[in-house]
2 protein chains.
Amino acid sequence: MSNHLTTVLYTAAAIAFSASAMAAQPASKELRETANKLFQPIPEAQVVIADRKIPDDQIQLGKWLFFEPRLSKSHIISCNTCHSVGTGGADNIPTSIGHGWQHGPRNSPTVFNAVFNIAQFWDGRAADLKEQAKGPVQASVEMNATPQHVEDTLRSIPEYVEFFAKAFPGEKQAITFDNMATAIEAFESTLTTPNSRFDQFLAGKETLSGTELSGLNLFINKGCVACHSGINVGGQGYFPFGVIKKPGAEVLPTDDKGRFAVTNTASDEYVFRAGPLRNIALTAPYFHSGEVWDLEQAVAIMGTSQLGHELNEGEVKSITAFLHTLTGEQPTVEYPILPRSTAATPKPEK
Amino acid sequence: MSNHLTTVLYTAAAIAFSASAMAAQPASKELRETANKLFQPIPEAQVVIADRKIPDDQIQLGKWLFFEPRLSKSHIISCNTCHSVGTGGADNIPTSIGHGWQHGPRNSPTVFNAVFNIAQFWDGRAADLKEQAKGPVQASVEMNATPQHVEDTLRSIPEYVEFFAKAFPGEKQAITFDNMATAIEAFESTLTTPNSRFDQFLAGKETLSGTELSGLNLFINKGCVACHSGINVGGQGYFPFGVIKKPGAEVLPTDDKGRFAVTNTASDEYVFRAGPLRNIALTAPYFHSGEVWDLEQAVAIMGTSQLGHELNEGEVKSITAFLHTLTGEQPTVEYPILPRSTAATPKPEK
């Protein structure tokens with residue numbers, strides 16, 4: 001069966017959407033130069049992690065593992081459950097639902113382009129994607145498994161034994177919890193979304209409408225870029241949520257003190273990693289509480305809480321239109337055919 | 001990123017597995033002729049449902065819907081959750097886990113080749129895949145949604161409005177619960193697994209080992225074929241579980257009377273549709289209770305309960321080896337990129 005048609009149709013829909021916005025307009029040289037100083041495009045080339053070239057075998061193994069529900073205690077939750085490659089790398093619900101239908105404390109951040117963030121999780125408690133990958137597997141409200149469960153499971157399946165040996169050559173015991181995380185990081189580093197209309201604009205093309213250009217201008221000049229800049233238009237630093245005025249408890253729950261739990265430093269109370277805004281139009285609901293569904297409302301809240309500025313309706317609409325241009329090409333992922341369990345594979349537990 | 005390597009590696013693993021079995025041996029002309037009378041291969045050509053050529057647009061729309069978690073009340077359960085294309089079209093747990101972490105009453109049957117079954121569900125209560133598709137969406141222990149929720153959701157998303165109009169041209173209101181089911185059936189009809197080693201054998205090739213041929217011979221001559229024949233090696237008729245001797249309540253729970261609930265006929269107590277055995281090696285655990293993990297044990301139970309025959313260890317191993325040859329080429333499915341929600345899209349509910 002051809003999957004080509006889906007792509008064609010989706011692209012057609014996307015084009016129809018952009019065509020319904022205002023037609024592209026020439027941007028001033030100055031705006032484009034400023035933008036190019038503040039932001040970098042998502043690269044089309046394969047990403048390098050910490051100066052190491054990532055072996056294809058690790059990427060492919062990581063893809064199996066990313067979709068592998070047997071890493072969870074119940075055998076029904078995989079990385080893709082909360083970071084679905086079909087829905088912007090997130091799950092589009094306020095906070096993720098995990099083992100036993102427990103609700104996690106924070107909104108699931110997108111895995112797309114996460115490799116470019118300064119650190120992982122809303123509070124930056126994991127230095128990189130490898131460290132991050134070990135979290136949800138073990139969290140009792142998420143996959144609720146243990147490193148032992150993971151290693152026992154993978155070692156019981158001959159195809160994994162063979163595949164880990166290929167991906168980690170020369171290691172006597174290639175199947176380890178640590179190598180699982182290395183492989184998942186390798187796959188996740190390929191989940192990037194290049195070639196957004198904004199990136200085309202950065203490259204010199206006239207791809208933005210007048211409204212979108214006006215939104216970009218506001219985004220820069222109102223001060224949004226103070227926290228949301230760089231390759232991911234955010235995700236590069238830590239800032240207090242409510243630096244000027246704290247939003248209500250429904251948006252900023254008082255019992256989640258953010259980075260304070262990581263650093264135990266009073267000045268880190270209610271500090272979070274600035275949200276990376278790539279593909280933000282695809283990943284509602286917003287903020288770590290996941291309580292705001294409307295991107296315009298999120299922009300307005302940011303104006304009030306972070307800039308101390310009541311953005312007017314036109315400004316909110318323009319900035320939101322600009323944010324829509326950050327949606328890039330979504331990754332093409334063929335669903336992996338997972339190897340079957342053996343008699344030695346641990347059974348799922350309720 | 002190339003997905004080619006996964007296929008290569010998986011194929012390599014599959015070949016390694018088959019190579020570790022006994023080498024292929026010439027089959028007697030008689031056995032092949034008998035097999036060709038009892039079984040039919042999975043066709044490589046596109047399936048026709050009820051004499052209608054299925055439009056590509058319906059197949060592609062159905063693929064979106066098959067992976068669409070917003071059809072569920074929680075927005076986290078899709079058809080693929082319990083019928084994963086990565087794990088033999090099933091979920092590899094005893095009984096499926098649905099809304100609120102409720103456990104369903106029966107093991108999730110594979111969606112692969114389901115189009116060839118006489119009817120759907122373990123008790124055949126749905127005439128076809130279209131009727132079947134409406135069940136789990138509404139079942140409170142599964143996706144827990146309503147036709148209204150589905151229609152409201154799909155009508156709120158412009159890409160679905162456009163896509164349904166293409167897939168169902170000429171209909172004033174193309175987005176209906178009924179058309180959702182038609183499209184899902186269209187996609188599911190493509191989830192077939194042709195070219196198993198057994199099908200290659202039926203086509204005249206020497207693809208089976210001595211043990212596997214012996215297993216096929218036993219499968220025919222011990223009487224397994226009385227219920228497990230045809231294109232799906234089962235799935236074609238209804239039979240009492242425990243026709244000779246009822247298995248224990250852990251395998252055949254007394255409160256699930258099977259087809260009796262459909263027909264209300266005393267003779268249908270504990271009657272079920274004979275399990276289709278295509279890809280059976282991929283879809284443990286077994287039986288409607290999902291309480292038997294070992295395929296050899298399942299074969300032995302069938303001998304005792306259905307044939308009144310204690311199969312010896314060698315017979316069980318041979319039949320099981322034959323069943324492994326029913327694993328066909330798994331479908332290649334590119335993960336669909338789903339269109340984003342709008343302000344009008346119903347929100348997920350816990």
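Below, chains carry the letters A, B, ... as their sequence lines are ordered, and counting in each starts from 1.
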Checking B/Thr110, B/Asn113, B/Thr327 against B/Thr193 for side-chain hydrogen bond (donor to acceptor under 3.5 Å, both in side chains), the one that qualifies is B/Asn113
Interface check, chain A: of B/Thr342, B/Val85, B/Thr283, B/Leu295, most non-hydrogen pairs under 4.5 Å belong to B/Val85
Interface check, chain A: of B/Pro94, B/Ala281, B/Gly88, B/Gly100, most non-hydrogen pairs under 4.5 Å belong to B/Gly100
Under 3.5 Å, is there a donor on one side chain and an acceptor on the other for A/Gln330 and A/Asn279?
yes
Requested in this report: For residues B/Trp293 and B/Tyr286, establish whether the separation of their ring centroids is below 6.0 Å.
Outcome: no
* **Sub-6.0 Å ring centroid separation between B/Trp64 and B/Tyr160** => yes
For B/Thr325, the side-chain contact (heavy atoms from CB on, under 4.5 Å) test, sequence neighbours excluded, returns B/Arg197, B/Phe198, B/Leu208, B/Glu212, B/Phe322
Applying a strict 4.5 Å limit to non-hydrogen atoms, the region of A/His103 in contact with chain B is side chain
So does B/Lys347 have more than 12 non-hydrogen atoms from other groups sitting under 6.0 Å from NZ? yes
Within residues 67-82 of chain A, the residues sitting under 4.5 Å from chain B by heavy atom, in sequence order, are A/Phe67, A/Ser74, A/His75, A/Ile76, A/Ile77, A/Asn80
>> Any non-hydrogen side-chain atom of B/Met143 less than 4.5 Å from a side-chain atom of B/His99?
In response: no
In terms of heavy-atom contacts, A/Leu191 and A/Phe66 come closest through CD1-CZ, 4.4 Å
Max heavy-atom pairs within cutoff under 4.5 Å with chain B, candidates A/Gln102, A/Lys350, A/Gln46, goes to A/Lys350
